[in-house]
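Since the model is a prediction, treat every value here as computed from it, not as a measurement.
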Protein chains: 2
Amino acid sequence: MPDLDAGMLVEDLRRAGMRVTTPRRVICEVIAASHDEHLTATEVHARAEAMADRGIDVSTVYRTIEALESVGRLHHVHLGHGPAVLHLSDHADHHHLVCEQCGRAQDIPLEEVADLVSHLEERYDFVAAGVHFALVGRCVGHDAVPGNSP
Amino acid sequence: MPDLDAGMLVEDLRRAGMRVTTPRRVICEVIAASHDEHLTATEVHARAEAMADRGIDVSTVYRTIEALESVGRLHHVHLGHGPAVLHLSDHADHHHLVCEQCGRAQDIPLEEVADLVSHLEERYDFVAAGVHFALVGRCVGHDAVPGNSP
DNA sequence: TTATTTGCAAATCGTTTGCACGACT
DNA sequence: AGTCGTGCAAACGATTTGCAAATAA
């Protein structure tokens, strides 16, 4: 099941004239299997190394991510502080509520913000990128008066 | 005119039991004078050094930013890729449209998103932090079909 | 005086790059 | 065969930290 998607990613690379190598295949596998998780490059790297017999370099992961992005299959977003997280374009059916305390990102469906986004695009001559929307705050568990941090 | 705000920042630090030093005074000066610009820590550092007679270390800038944040006077947000940008809390009357091409951030007034935000807060048990809202995309000049980057 | 801050230098984290070797097509 | 991708190591920018000397309270 995850294999199907990985194949599509790989195909897209090939179609774009790029080469299909073992590291790339593995990385596509990992990314395809992640579905709507919010993996970071480092996490992809870890899983790829775990999955492959041979070691894979982080730079290769970044370069493959770049390749997949150039083909329009993938996006990376900087939610809140930490590292960037990846999203498959076809899973880009949500936005994020990011907790600045625990860093967790809760997904919110597209429709919730669709009206606002199209309004803003029209009003400000702007083209929103798929998943690149984040509202930062605190989830209830971490609710606190701003400025009263421990 | 910028002096007034700087004084308030400094006062808040003092009130919180923190010490008021020359570097801090200068940094507050710079931040207060920046109003609704989106300064990065590095830019604050540059301006502070330019303004002071003595050199000021970046780490001092970061620590002062942290101090001002702990007092609730300041926030820093990661808009798009690059470094974090600062916002005075009382200038937190806007959100951002961030162009992923040129990195520029256009302000959008609070009211534009107020309804959505309160809706999301209610629906998802979430407390939004003032300015921490960013919609990433491309401004018209940089409009392009995703995946067709040069 | 005495706890805080400072500056400096070094460490960290995420990401990028140069380069010679190895592998797709 | 020739180009493109790889690993490695080193460079990078942003941010953080340890520590001894300087300073506000």
Short side-chain donor-acceptor distance under 3.5 Å, A:Arg63 and A:Ser59:
yes

So among A:Val10, A:Thr64, A:Leu9, which one has a side chain to side chain contact (heavy atoms under 4.5 Å, CB included) with A:Arg24?
A:Thr64

Exam field: side chain A:Arg14 to backbone A:Arg19, donor-acceptor pair closer than 3.5 Å:
no

Write down the distance between CD1 (A:Ile56) and P (C:dG22), rounded to a whole number of angstrom.
18 Å

Could you give the CZ-to-P distance, from B:Arg63 to D:dC19, as a whole number of Å?
13 Å

Look at the side-chain N and O atoms of B:Tyr62 and state whether any lies under 4.0 Å from the OP1 or OP2 oxygen of D:dT15.
yes

Looking at C:dT6, I'd like to know if its phosphate oxygens (OP1 or OP2) sit under 4.0 Å from a side-chain N or O belonging to B:Arg24.
yes

Grab the CG-P distance between A:Asp57 and C:dG18 for me, whole Å please.
16 Å

Compute the centroid of each ring, for B:His87 and then for B:His38, and state whether the two points are separated by less than 6.0 Å.
yes

Which part of the nucleic acid, if any, lies within reach of A:Thr40 when heavy atoms closer than 4.0 Å are counted: base, sugar-phosphate only, or nothing?
nothing

To the nearest Å, give me how far apart NE2 (B:His78) and P (D:dG13) are.
18 Å

Could you pick out which residue, A:Pro23 or B:Ala41, lies toward the 5' side of DNA chain D when each is mapped onto its nearest nucleotide?
A:Pro23

Rounded to the nearest Å, what distance is computed from the NE2 atom of residue B:His81 to the C1' atom of nucleotide D:dG13?
15 Å

Which part of the nucleic acid, if any, lies within reach of B:Gly82 when heavy atoms closer than 4.0 Å are counted: base, sugar-phosphate only, or nothing?
nothing

Test side chain to side chain donor-acceptor pair (under 3.5 Å) applied to B:Glu37 - qualifying residues, sequence neighbours left out
B:Arg47

Spacing between A:Glu66 atom CD and D:dC4 atom P, to the nearest angstrom:
15 Å

Quick one: A:Glu49 CD to D:dG7 C1', roughly how many Å, whole number?
11 Å

Interface polar pairs with nucleotides 21-25 of chain D, N/O, under 3.5 angstrom:
unit_1: D:dA24; atom_1: N3; unit_2: B:Arg19; atom_2: NH1; d: 3.0
unit_1: D:dA25; atom_1: OP1; unit_2: B:Arg14; atom_2: NH1; d: 3.4
unit_1: D:dA25; atom_1: OP1; unit_2: B:Val20; atom_2: N; d: 3.2

Please check if any side-chain donor atom of A:Glu69 sits under 3.5 Å from a side-chain acceptor atom of A:His75, or the reverse.
no

Can you list every pair that meets salt bridge (Lys or Arg N to Asp or Glu O under 4.0 Å) and has a residue in residues 72-83 of chain A, with sequence neighbours left out?
A:Asp12-A:Arg73, A:Arg73-A:Asp90

Which whole-number value in Å describes the distance from A:His45 NE2 to C:dG14 P?
13 Å

